[in-house]
Amino acid sequence: MPRTTPPAVPAPLAPGALEDLHRTVLEWYATSARDLPWREPGCSPWGVLVSEVMLQQTPVARVLPRWREWLERWPTPAALAAEPPGEAVRAWDRLGYPRRALRLHAAAVAITAEHGGEVPEDHDALLALPGVGAYTAAAVAAFAFRRRHAVVDTNVRRVHARAVTGAAEPAPALTSAETRLAVALLPEDPETAARWSVGVMELGALVCTARAPRCPACPLLDRCAWVVAGRPAHTGPARRAQRWAGTDRQVRGRLLAVLRAADGPVGAADLDAAWTSDAVQRARCLDGLVADGLVEPLPDGTFALPRS
């Protein structure tokens, strides 16, 4: 039967090999990493948190202008918490998955009310914030506060799968074996661990990419288990490209665009004009936006971005 998941975690690397792996990636990162504002020493923990939420399923090039605008308008959690959640949705613009804007607003409210307006350093406290999951809590703890936590995103999983386990691709979803491997590979020193995590992430984003890995440019080329094995093909299920045109996501985006552009509530006719090809789909998407808290229906039959 074809294997559909990467192999189990291999035996731990010998100390010398693990140290060499760390040194190689860290040296590559020091000279090849992108210059991103949320990586600068002066970036606040709030700036790091905002970047991590925005970067979920969204390319860096699209995030950069929104992140700068967001931090200029709301440089602290308290500044965002003082505004209606609809303003967060409006400022989110076309980043996609706009519920992330509501989650950031809810997190800002909690940080302001429960942590004196300062993003908490403790991992458990981060995890308790509204909308903050395991990945985001670990990323903020590591990148903002230099705490020792395994930060495992898709790029990290792909580098680990190829360089260490010899698989062409990671599993479709994060497995406990992948988490154990990430923890086993983490340097002991917290500062080094944080740089290692972002270094592996950057390697996956720039070199060890999903569709066309740039193996000749990879610092791990001579020790990559996948390359040494002859670059075996992926044997798991094919990853399907997400269609956009005509989907509910596109319709929801069109409806939200009308509301973001308006100075106040908009009538049903304005929303109807945003998507005329399928009234049933449009109504379903509007109902979904209301259920998700992204749109507020008003007593007079108009609609607005959430106000409370």
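Counting begins at 1 with the first residue of the sequence.
- Tested against E169, the residues H234, R157, R162 include a single side-chain hydrogen bond (donor to acceptor under 3.5 Å, both in side chains) partner, R162.
- A salt bridge links R223 with D20: the distance from a Lys NZ or Arg NE/NH1/NH2 to an Asp or Glu carboxylate oxygen falls below 4.0 Å.
- Residues P45 and E118 form no side-chain contact, since every pair of their non-hydrogen atoms from C-beta on lies 4.5 Å or further apart.
- The two atoms that bring R34 and A205 nearest to each other are NH2-CB, 3.7 Å, heavy atoms only.
- Residue E40 qualifies as enclosed at atom CD: its count of foreign heavy atoms under 6.0 Å is above 12.
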Pair S277, R282 - check side chain to side chain donor-acceptor pair (under 3.5 Å), show working. CA-CA 9 Å; S277 60; R282 183 182 65 241; over 6 Å; no
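- Around atom CZ of R94, no more than 12 heavy atoms belonging to other residues, nucleotides or ligands sit under 6.0 Å away.
- Taking CG of L80 as the start and CD1 of I111 as the end, the distance is 9.5 Å to the nearest 0.5 Å.
- In terms of heavy atoms, G47 sits closest to L71 at CA-CD1, 4.0 Å.
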side-chain contact (heavy atoms from CB on, under 4.5 Å), that's the test. Do L181 and T165 meet it? Break it down for me. CA-CA 9 Å; L181 175 59; T165 70; 3.8 Å; yes
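- For CZ of R73, the number of neighbouring non-hydrogen atoms (other residues, nucleotides, ligands) closer than 6.0 Å is greater than 12.
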Going through the checks in order, is the side chain to side chain donor-acceptor pair (under 3.5 Å) test met by Y135 and Q56? CA-CA 10 Å; Y135 166 79; Q56 294 167 13; over 6 Å; no
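- Residues V207 and P213 form no side-chain contact, since every pair of their non-hydrogen atoms from C-beta on lies 4.5 Å or further apart.
- Looking at heavy atoms from C-beta onward, P130 lies out of side-chain contact with V109 at the 4.5 angstrom threshold.
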Would you please test V159 and V156 for side-chain contact (heavy atoms from CB on, under 4.5 Å) and show each step? CA-CA 5 Å; V159 173; V156 170; 6.0 Å; no
side-chain contact (heavy atoms from CB on, under 4.5 Å) between W38 and L64, worked out: CA-CA 10 Å; W38 46 83; L64 272 169; 3.8 Å; yes
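- Side-chain contact between W92 and R100 is present, with at least one heavy-atom pair separated by less than 4.5 Å.
- Side chains of P37 and W67 form a contact here, defined as non-hydrogen atoms less than 4.5 Å apart.
- Ion pair R195/E191 flagged as a salt bridge, since at least one NZ, NE, NH1 or NH2 atom sits closer than 4.0 Å to an Asp/Glu carboxylate oxygen.
- Residues H105 and A88 come closest through the heavy atom pair CB-CB, 4.2 Å.
- Between A91 and R66, the shortest heavy-atom contact is O-CD, 3.7 Å.
- Looking at L129 and H115, their side chains come closer than 4.5 Å, going by heavy atoms from C-beta outward.
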Extract all donor-acceptor atom pairs below 3.5 Å that involve side chains of residues 285-298 and protein atoms in other chains or at least two apart in sequence.
unit_1: D292; atom_1: OD2; unit_2: R252; atom_2: NH1; d: 3.2
unit_1: D292; atom_1: OD2; unit_2: R252; atom_2: NH2; d: 2.8
unit_1: E296; atom_1: OE1; unit_2: R307; atom_2: N; d: 3.0
unit_1: E296; atom_1: OE2; unit_2: R307; atom_2: NH2; d: 3.4

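- Contact of the M201 side chain with the F143 side chain is registered, since non-hydrogen atoms from C-beta on lie closer than 4.5 Å.
- Ring planes of H149 and H123: parallel class, angle under 30° (limits at 30 and 60°).
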Do W74 and E83 pass the side chain to side chain donor-acceptor pair (under 3.5 Å) test, and can you show the C-alpha distance, the side-chain angles, and the key distance before you say yes or no? CA-CA 10 Å; W74 298 308; E83 297 235 33; 3.1 Å; yes
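- In this structure, the side chain of R90 engages the main chain of R260 through a donor-acceptor pair within 3.5 Å.
- In summary, R39 and E202 engage in a salt bridge, as defined by a charged side-chain N under 4.0 Å from a carboxylate O.
- Criterion: ILVMFWY side-chain heavy atoms under 4.5 Å apart, direct or through other members. Under it, V48 and L127 are not part of a common hydrophobic cluster.
- V258 is not listed as a side-chain neighbour of F303, based on a closest heavy-atom distance of 4.5 Å or more.
- Here the closest heavy-atom approach between residue V119 and residue F145 is recorded as O-CZ, 3.4 Å.
- Residues L186 and L26 are members of one and the same hydrophobic cluster, defined by side-chain heavy-atom contacts under 4.5 angstrom among Ile, Leu, Val, Met, Phe, Trp and Tyr.
- When all heavy atoms of P219 and T24 are compared, the closest pair comes out as O-CG2, 3.4 Å.
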Begin with the C-alpha distance, continue with both residues' side-chain angles, and end with the deciding distance and a verdict on side-chain contact (heavy atoms from CB on, under 4.5 Å) for V152 and T179. CA-CA 7 Å; V152 189; T179 300; 5.5 Å; no
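- V227 and L203 are assigned to two separate hydrophobic clusters, defined by single-linkage of ILVMFWY side chains at heavy-atom distances under 4.5 Å.
- With hydrophobic clusters built from ILVMFWY side chains whose heavy atoms lie under 4.5 angstrom apart, V200 does not share a cluster with W226.
- Linking Ile, Leu, Val, Met, Phe, Trp and Tyr whenever their side-chain heavy atoms come within less than 4.5 Å puts L21 and V151 in one cluster.
- A cation-pi arrangement is absent between R103 and Y97 under the rule of less than 6.0 angstrom and at most 45 degrees off the ring axis.
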